[in-house]
Amino acid sequence: MAGTEQELLIRTAGCGELTEKDASEGREVVLTGWVHRRRDLGQLIFIEMRDATGRLQVVFDPSLHPDAHAAAESLRAEYVIGVAGTVVMREAPNPDHPTGMIELRGQSVTVHNRADNLPIQVADQQEANEEQRLKHRYIDLRRPRLQHALRTRHRLATAAREVLDEHRFVEIETPMLTRSTPEGARDYLVPSRVHPGKFYALPQSPQLFKQLLMIAGFERYYQFARCFRDEDLRADRQPEFTQIDIEMSFVTPQQIYDLIEPLIVRMFEAIDVQIARPFPRMAHAEAVDRFGIDRPDTRFGMELRDVGAAAESTGFRVFDEPLADPGGAVRGIVVDGAGGASRKQLDTWNGWAREAGARGLLWIKSAGGKIGSSALKVLGEERCRDILRALGGGDGDAALIVAADRSLCNQVLGQLRVRIARERDRIPEGAWNLLWVEQFPLFEHDDEAGRYVAIHHPFTAPNWDEVSRLETSPGDVRSQAYDLVLNGTEIGGGSIRIHRRDVQDRVFEALGIGAEEAEEKFGFLLRALDSGAPPHGGIALGFDRICAMLAGTDSIREVIAFPKTTSASCLMTESPAEVDAQQLTELGLKTLESRGKKGD
RNA sequence: GGAGCCGUGGUGUAGUUGGUUAACACACCGGACUGUCACUCCGGAGAUCGCGGGUUCAAGUCCCGUCGGCUCCGCCA
């Protein structure tokens, strides 16, 4: 039996791999791993040992192996050890544990390394706060939950690669050091030493490169692409994130769906969930009208409706003003079963509506035939009853109404709908609603900038039969873009791209990007379009978000090994950090004194 | 850029209307224990309450500022 430190380094089995068969054979093994827990009974010492394959109980019995038992007395949580021994059936089995029927009878043990009293307790179900977890990420990652999350991520990546490979896609890497592009998010910049005063930008996505790969004739490309955006962060946004970036030549949106749907289905299979195909589709306009948002959560009802005739000629200014405005509306949702909602409850909802941008929320409730409303005096009982009915509600229900610009109504009610559904537990467990949203407008008007901006990006193709309207009514042109939505979260988006120079020129023109600027910023793309560019299109899937959802967590930080905080810092490496003056000089850079230092 | 919540031994929390020895659990140290499995039992050490300022006879507790974490709005083609 092995006994030296060197011998106890060479493992012959994994903790989670051993079975009752090994026990019945009395197999002798060497295990390496961490002390997960210890239970010292004085004579008998039990150690739960953990490695990447799982956990196994090791027992040290002084009457059998006194030296090993003596050595085991010094073991503490998270010590790294090697143990040699015999796999045996337990005297007192524990069916709650995967390896609970067997144990290792420790014959010799060595400590490969000790561990301090750690800031995060691996074996404890009690969670450290996120600041501690991020600072000591290498310990946090030992915890079963994060081990599981990252292993799930790997399985999903593998599933996607398999499907793409089966469809003859080629994985091609594109540059991380590229040039800054106008439009879109803020870039992360990298100064050039060789070209003082000039900067690379880290890619917000490999958009242009993948189009160029189509022009280069690869026809089917994919990449697990790291993307960088210097914008404010959220639970589902990190400054660097991963997209499954896909592009195909000679395709219609239908062909993209026909590829992506099986890919998504296969990813779900990796977590043992069956998903039905084809995924439903919805026009952007319908999504906004029914759900108030372009990424509707279709797992529950409470859809938005216009109050319609019931709101007309009431003499109520709150209604009359929006209705007199061509862009205004009076819209509402019905919370069924909320007819008896308390004043406090309604105030809470009103507060949410205000947070979402509304000036106020009007409510009508009906319980036992008795009407209550924040506008009862102005509207009267009959009118209130009409409005409730117009929104699809009846006795026992409550209607929540917003009168404002149509887009603000949608925004407020769309947010309210989701928040109330969560509050009232209206979202079914275990439902996975996938949905294609299509027929987006090509542009939307940016009132601040006083011009049109691309809703998707400037390379998105308009519907080919609407190209003629690019100059006359750009706001009405629809694009060949599509988003993939899962339970109200956008998990992917793409489009058919513009492959003809003349169309691209006209889109740039509509966006207020002049020929000169287009040439300077995108000259390489324009020339490429003139070199025999095939019709092409693709999609980018938000891999972190997909992983988070399928791993059952709300935050993508849980599926990223080393994530950053909401202020884009890494608490472990303490980046970003200041650099030597010499480095700056070499790069031709100088920092502004006035910006002040943080962290003092 | 804005709003909200949070910051107390190594870790997670408690700490009523400001009142004198800052409590509990886990981890840690010592002791007891031969079948535990979140082992149990006994004992011990360990925090001046993120930082700075203010109010007060008195501040973990109230006020202001600041730093950090989280959530949301704006932003993110």
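In what follows, chains carry the letters A, B, and so on, assigned in the order in which the sequence lines appear, proteins first and then strands, with residues in each chain numbered from 1.
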- Of the candidate nucleotides B:rC26, B:rG69, B:rG12, which contains the atom at the shortest distance from the side chain of A:Gln132? B:rG12
- Looking at A:Arg114, A:Arg37, A:Arg50, which one forms a salt bridge (Lys or Arg N to Asp or Glu O under 4.0 Å) with A:Glu78? A:Arg50
- Task: Classify the side chain of A:Arg237 versus the base of B:rC76 as yes if they form a donor-acceptor pair under 3.5 Å and no if they do not.
- Result: yes
- Task: Could you label the plane-to-plane angle of the A:Phe459 and A:His457 rings as parallel, tilted or perpendicular, counting under 30° as parallel and over 60° as perpendicular?
- Result: tilted
- Query: Nearest-Å distance, CG (A:Leu64) to P (B:rG35)?
  - Reply: 14 Å
- Taking atom P in both B:rU13 and B:rG19, compute the distance separating them and give it to the nearest angstrom. 23 Å
- Which nucleotide, B:rC75, B:rA27, B:rG35, lies nearest any side-chain atom of A:Arg186? B:rC75
- Task: Using both distances under 3.5 Å as the test, list the Watson-Crick or G-U wobble partner of B:rU40, or none.
- Result: B:rA32
- Query: Reckon A:Ser63 touches a base, only the sugar-phosphate, or nothing at all at heavy-atom distances under 4.0 Å?
  - Reply: base
- Query: Given that A:Leu118 and A:Glu48 both sit by RNA chain B, which one's nearest nucleotide is further toward the 5' end?
  - Reply: A:Leu118
- Message: Under 4.0 Å, counting only non-hydrogen atoms across every strand here, what does A:Pro62 touch: a base, just sugar-phosphate, or nothing?
- Response: nothing
- Query: Does any donor atom in the side chain of A:Thr174 or A:Gln223 lie under 3.5 Å from an acceptor atom in the other side chain?
  - Reply: yes
- Query: Counting only Watson-Crick or G-U wobble pairs whose two distances fall under 3.5 Å, which nucleotide matches B:rA3?
  - Reply: B:rU71
- Item | Below 4.0 Å: OP1/OP2 of B:rA27 and any side-chain N or O of A:Arg76 | no
- Task: Choose from B:rU34, B:rC37, B:rC76 the nucleotide whose nearest atom is closest to any side-chain atom of A:Leu44.
- Result: B:rU34
- Check the angle between the aromatic planes of A:Tyr482 and A:Trp436 and answer parallel, tilted or perpendicular using the 30° and 60° thresholds. perpendicular
- Message: Any base atoms under 4.0 Å from A:Asp124, or only sugar-phosphate, or nothing? Heavy atoms, all strands.
- Response: sugar-phosphate
- Mate of B:rC62 where both pairing distances stay under 3.5 Å, Watson-Crick or G-U: B:rG54
- Task: Pick base, sugar-phosphate or nothing for A:Glu355, based on heavy-atom distances below 4.0 Å to the nucleic acid.
- Result: nothing
- Query: Base, sugar-phosphate, or nothing for A:Leu41, non-hydrogen atoms under 4.0 angstrom?
  - Reply: base
- Of the candidates B:rC28, B:rG10, B:rC37, the side chain of A:Asn94 sits closest to B:rC37
- Item | Complement of B:rG18, any strand, by Watson-Crick or G-U distances under 3.5 angstrom | none
- Message: Counting only side-chain nitrogens and oxygens, does A:Arg545 get under 4.0 Å of the OP1 or OP2 atom of B:rC76?
- Response: no
- Message: Taking any heavy-atom pair under 4.0 Å as a contact, classify A:Pro239: base, sugar-phosphate, or nothing.
- Response: nothing
- Task: Whole angstrom is fine here: how far is it from NE2 in A:His97 over to C1' in B:rA38?
- Result: 12 Å
- Phosphate OP1/OP2 of B:rC39 contacted by A:Arg39 side-chain N/O (<4.0 Å): yes
- Nucleotide B:rG69, atom P - distance to CD of A:Gln238 in whole Å: 12 Å
- Message: Rounding to an integer number of Å, can you tell me how far A:Glu130 CD sits from B:rC6 C1'?
- Response: 13 Å
- Query: Does B:rC49 have a Watson-Crick or wobble mate here (both distances under 3.5 Å), and if so which one?
  - Reply: none
- Among B:rC70, B:rC73, B:rG1, find the nucleotide with the atom closest to the side chain of A:Arg557. B:rC70
- Selected nucleotide, minimal atom distance to A:Ser555 side chain, candidates B:rU71, B:rC26, B:rG69: B:rU71
- B:rC37 base / A:Arg55 side chain donor-acceptor hit below 3.5 Å: no
- salt bridge (charged side-chain N to carboxylate O under 4.0 Å, His left out) between A:Lys135 and A:Glu574, worked out: CA-CA 9 Å; A:Lys135 191 168 175 183; A:Glu574 298 184 303; over 6 Å; no
- Message: Suppose you measure atom P in B:rG15 against the same atom in B:rA58; what distance do you get, rounded to whole Å?
- Response: 26 Å
- Item | A:Asp140 with A:Arg137: basic N within carboxylate O range, under 4.0 Å | yes
- Query: Among A:Thr566, A:Thr565, A:Thr573, whose side chain to side chain contact (heavy atoms under 4.5 Å, CB included) with A:Ser569 holds?
  - Reply: A:Thr565
- salt bridge (charged side-chain N to carboxylate O under 4.0 Å, His left out) between A:Glu466 and A:Arg469, intermediate numbers included: CA-CA 6 Å; A:Glu466 294 179 43; A:Arg469 298 217 302 259; 3.3 Å; yes
- Item | Pairwise C1' distance for B:rG53 and B:rC67, with rounding to whole Å | 15 Å
- Message: Taking only the C1' atom of each, what is the distance from B:rA47 to B:rA23 in whole angstrom?
- Response: 12 Å
- Message: Would you say A:Thr566 places a side-chain N or O within less than 4.0 Å of OP1 or OP2 belonging to B:rG69?
- Response: no
- Message: For a quick check of understanding: with a heavy-atom distance under 4.0 Å over all strands, which category does A:Arg234 fall into, base, sugar-phosphate or nothing?
- Response: base
- Interatomic distance at C1', B:rU17 relative to B:rC75, whole Å: 43 Å
- Item | 5' priority, RNA chain B, between A:Glu444 and A:Asp40 [closest heavy atom] | A:Asp40
- Message: Taking the P atom in each of B:rC49 and B:rU61, what is the distance between them to the nearest angstrom?
- Response: 9 Å
- Query: Should we say atom CZ of A:Arg451 is surrounded by more than 12 heavy atoms from elsewhere, each under 6.0 Å from it?
  - Reply: yes
- Item | Residue A:Glu103, side-chain heavy atoms: nucleotide from B:rU36, B:rC26, B:rG10 that is nearest | B:rU36
- Item | Integer angstrom distance from the C1' of B:rC24 to that of B:rG46 | 15 Å
- Message: Starting the side chain at C-beta, find the nucleotide from B:rG35, B:rG68, B:rG1 nearest to A:Leu571.
- Response: B:rG68
- Residue A:Gln126, side-chain heavy atoms: nucleotide from B:rC28, B:rC72, B:rU11 that is nearest: B:rU11
- Message: Using OP1 and OP2 only, check whether a side-chain N or O of A:Asn129 sits under 4.0 Å from B:rU11.
- Response: no
- Query: Roughly how far apart, to the nearest Å, are B:rG44 and B:rC26 at atom P?
  - Reply: 15 Å
- From B:rC28, B:rG35, B:rC76, nucleotide with atom closest to A:Arg38 side chain: B:rC28
